[in-house]
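Take a look at the structure below.
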Amino acid sequence: MPSNPTSTSIVTNESAPLRSEFPSSLDRDDGTIPESVEIDDPTKSLLRSSQASDSGVKTSEHVDRFDLEKQPDADNSSFVDDLDILPKTDDTSLPALTFRTWLLGSIFCLILAVVNTTFSFRTNSFVVSPYIAVILSFPMGIFLANTLPTRKFKVFGWEFSFNPGPFNYKEHTLIYVFASTGASPVYALFNIVGQKYTLRQPLHTGWALVFGFVTQCFGYALAGLCRRFLVRPKSMIWPGNLSIVALLFSLSSQDEDKKQPNKLSRFMFFWIIVAAMGLYSFLPSLVAPVLGAVSLICFMVPNNNRVKLFGSANQGLGMLSFSFDWSVITNMAPITTPLWALWNQVAGLWFFLWVVIPILYLTNAFGKDMELGSHNPRTFYLGGALNTPALFANNGSVISARSLVQVVRPKGGAAASVFGSPVRYELNATMYESVAPIRITTYFAMEYFTSFVVFAAALSHVYLWYGKQIYERFRASISEMDIGDIHAQLMDKYEDVPDLWYYILLFVNVTLGIVVCEFGGFDLPWWGVLLALVLAGITMIPIGTIQAVSGQQIGLNVMSEFLIGLILPGRMVAVMSFKTLSYMSMSQGLTLVADLKLGHYMKIPPRAMFVVQLVSTIAVMIVNVFTAFFIYDRLGVQFGGASGWTAVNYKVFFNAGAIWGAVGPARFFGSSSPYSKLLWGFLIGLLLPVLLWLAHWKIGGWWWQYINIPVIAVFPSQVGSTRSDLITPVVIGVTVNYFLKKYAFDWWRKYALVMSAGFDTGVAITVAIIFFCT
């Protein structure tokens, strides 16, 4: 599951303790460090939801103030130069891959891998940000530099030391890369968990690990082979990296505490916030769960179930519902998301959830909307179903996605492998005909509609607003490459990673991919594996170029499901496997490309970055798989009810597999289907950005660029999530990013990001304690 930290960087100068070695300036002409750099990411929540979302777009990076009139020139990347936050000198003697890097990086990587895998089973998926590792590892690195022995050892002629000198920014950067990898549970878990625990397929652990390895490392091979186009050129700016660069240097500055010795340090403030939020979180998480979703409509109209359905945050649309639980609120990332982007997200959700869906539901737009769930009063106690990923028969009763598939053994006998079974899961035509057409709730249908809108709108929006820049930069990346780029010149001092290493990794992954999908129980023929990998490969550079410039990654999940669902109709596991392979290979590859660009900016030796990325990727995959197995096999957790642990992301993925795989797009979205009209989302998505673009040129005004259709249309969390996150985040966002920013700017720029990280950490600790101890 790809996931990158998203953030609004709010940086100032922070003192560095004794043994640290960070640049004292960022090479400005006046030799000073910028007091603050504000780099905004519009959709942190998109990153979180993109792991299991069928939205088809991941908005991962964006830079606020990226005005149309002030966009960077395609040839000189003046945007990055104007920010002036990147080091333009390098000390090649600074060690990067040290014992401290391995120790701290491994600790944060593995902890985040376990914690975020566990939290992926929550109703509202909760992600602990790797920015926590950045904040905590700095004083820990200083401590190790001051306490570890400096003695040098020689082993087979290789000299090393546990303490090679002051803790430096290159070590800090690699620790962050470790942590960011660990913070993103692998997408293959959705396949593995769905097959092993929902289908109850006898999936061997060995094959599960191989499948996870292939989905993660194929993207890594692609990233390495595309680096000369997506990393080396100065025109490929990857603006999201600028925030972590600014934060790393901000933490290392030695000036602020000398000038203001009585001010509370970020480190101390972080732990105060962690303690406060950790203690408070016992209230909504254990003592008074009602604080997680407080619906005014349900209080005002207690006897009208139809109205309460719209107001319910758990079963309905969350109209006028508030939350006092940070694990729910943080889904919208109210502090780290810039205010303009938060308004885009919330306005879109208000429009779809509180206007469009109620109208469609009350008018039975898809034929039997109001009948769904009426036969299951124990589950849908308000008399109808809205906020659920469940599948329904034509009569409105709930059916299991698993019931739509049947086990089919190939002709010639069982021939079971020692590692798995060659059985195939195909559509149970008899069962399907008895319940056809399969129905989904109005909410679920609109989530598919908006996913089509987002995919098409992302293409249209990026082409209109960034098309010229993308073309010029891609042309420059081929013809001029990195001419005149100080960062590329500095990186040339280091020994590069040979392409042969990446080709070997590519060959190994293709071979293992074919073997695991043919014989390991993932039901994808060899040509399907090659098709998935080719699809990821041919889209890597164009989609990566778009992301490097505009910050929007156009995902392949919807299109890959559509494609393979038409080619292999009725084969549910094959469709899920193809989706994971193609989407994850491209998405994971671009995540690793972003890390390579970070290393480029921070002057990390390429071979050190190669080792850290590869080792952390494989380690996280193994930890993710065994953590998920432990949760199901050993803890005996029963997901469901109001526990807050309904594993909704896994249910959505599995049910999507039934829709696109078992039933197939031809049946589910065909002309005779009640959901064929959802396909209009593609056309609407293409046209809406055009209308805004034309309005910009005809009417004028800088604000048009901030009306972002892909951001407005996307649903940041899956159907089935608690929808009390539509008002409280706005209150917090306005308070922090408007009032505090306007009236207490110095406090805001120093503590806002740290406060958000502290809130996340405090909640994570409390939720983990409750989960494992109750």
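We count residues from 1, following the sequence as given.
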Between [X] and [Y] (side chain of the first, backbone of the second, donor and acceptor by atom type, cut-off under 3.5 Å), is there such a pair?
X	Y	answer
S616	Q613	yes
Q588	S585	no
K750	W748	no
T215	M584	no
N168	P95	yes
T330	W326	no
K170	I604	no

Is the gap between the ring centers of [X] and [Y] under 6.0 Å?
X	Y	result
Y187	Y583	yes
F629	Y632	no
F138	F143	no

Quick one: pull up [atom1] in [X] and [atom2] in [Y] and give me the separation to the nearest 0.5 Å.
X	Y	atom1	atom2	answer
D595	S180	CG	OG	4.5 Å
L174	Y169	CG	OH	11.5 Å
R227	L592	CZ	CG	13.0 Å
I132	L112	CD1	CG	7.0 Å
M277	M755	CE	CE	9.0 Å
L349	N344	CG	CG	11.0 Å

Closest non-hydrogen atom pair between [X] and [Y], with its separation:
X	Y	answer
M621	G212	CG-C, 3.6 Å
V623	A113	CG1-CB, 3.8 Å
M491	G599	SD-O, 4.0 Å
A183	P130	CB-CD, 3.8 Å
L740	V736	CB-O, 3.3 Å
P166	R100	O-NH2, 3.3 Å

Point to revise | side chain to side chain donor-acceptor pair (under 3.5 Å) between S120 and Y650, intermediate numbers included | key: CA-CA 9 Å; S120 70; Y650 294 85; 2.8 Å; yes
Review point. Does the pair W271 and V274 meet the rule for a side chain to side chain contact (heavy atoms under 4.5 Å, CB included), with working shown?
Key: CA-CA 5 Å; W271 283 112; V274 169; 4.1 Å; yes
Review point. Can you find a side-chain donor-acceptor pair between N331 and S721 that sits under 3.5 Å?
Key: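 No, no side-chain donor-acceptor contact under 3.5 Å.
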**Study point:** Distance-only donor-acceptor check, side chains Q216 and T617, under 3.5 Å
**Key:** no
Heavy-atom check, side chain of [X] versus side chain of [Y], under 4.5 Å:
X	Y	answer
C217	I618	yes
F108	S137	yes
T117	F630	no
F190	T580	no
Y751	S756	no
F121	V648	no
L596	H600	no
I622	F213	no

Practice item. Verify side chain to side chain donor-acceptor pair (under 3.5 Å) between D725 and S323, making sure each step is shown before the conclusion. Key: CA-CA 6 Å; D725 56 353; S323 179; over 6 Å; no
Exercise for review: Please work out which of the three classes, parallel, tilted or perpendicular, describes the rings of F160 and F162, given edges at 30° and 60°.
Suggested key: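 Taking F160 first and then F162, their aromatic rings stand perpendicular (interplane angle over 60°).
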Exercise for review: In sequence, state the C-alpha distance, the side-chain angles, and the governing distance for T118 and V115, and then conclude on side chain to side chain contact (heavy atoms under 4.5 Å, CB included).
Suggested key: CA-CA 5 Å; T118 302; V115 170; 5.8 Å; no
Review point. For W343, does the CH2 atom sit with more than 12 other heavy atoms under 6.0 Å from it, leaving out its own atoms?
Key: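 Open.
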Review point. Do the charged groups of K741 and D746 touch, with an N to O distance under 4.0 Å?
Key: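 No, this pair does not count.
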Check your understanding: Would I770 and F282 satisfy side chain to side chain contact (heavy atoms under 4.5 Å, CB included), going step by step from the backbone distance to the final call?
Key -> CA-CA 8 Å; I770 294 173; F282 279 101; 4.1 Å; yes
Point to revise | Residue that, paired with F99, satisfies side-chain contact (heavy atoms from CB on, under 4.5 Å) out of L104, L144, L148, N163 | key: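 Among L104, L144, L148, N163, the one meeting side-chain contact (heavy atoms from CB on, under 4.5 Å) with F99 is L148.
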Point to revise | Trace of the side chain to side chain donor-acceptor pair (under 3.5 Å) decision for T101 with T98 | key: CA-CA 5 Å; T101 302; T98 66; 3.2 Å; yes
**Study point:** Test log, rule side chain to side chain contact (heavy atoms under 4.5 Å, CB included), inputs F759 and I335
**Key:** CA-CA 10 Å; F759 284 166; I335 297 176; 4.1 Å; yes
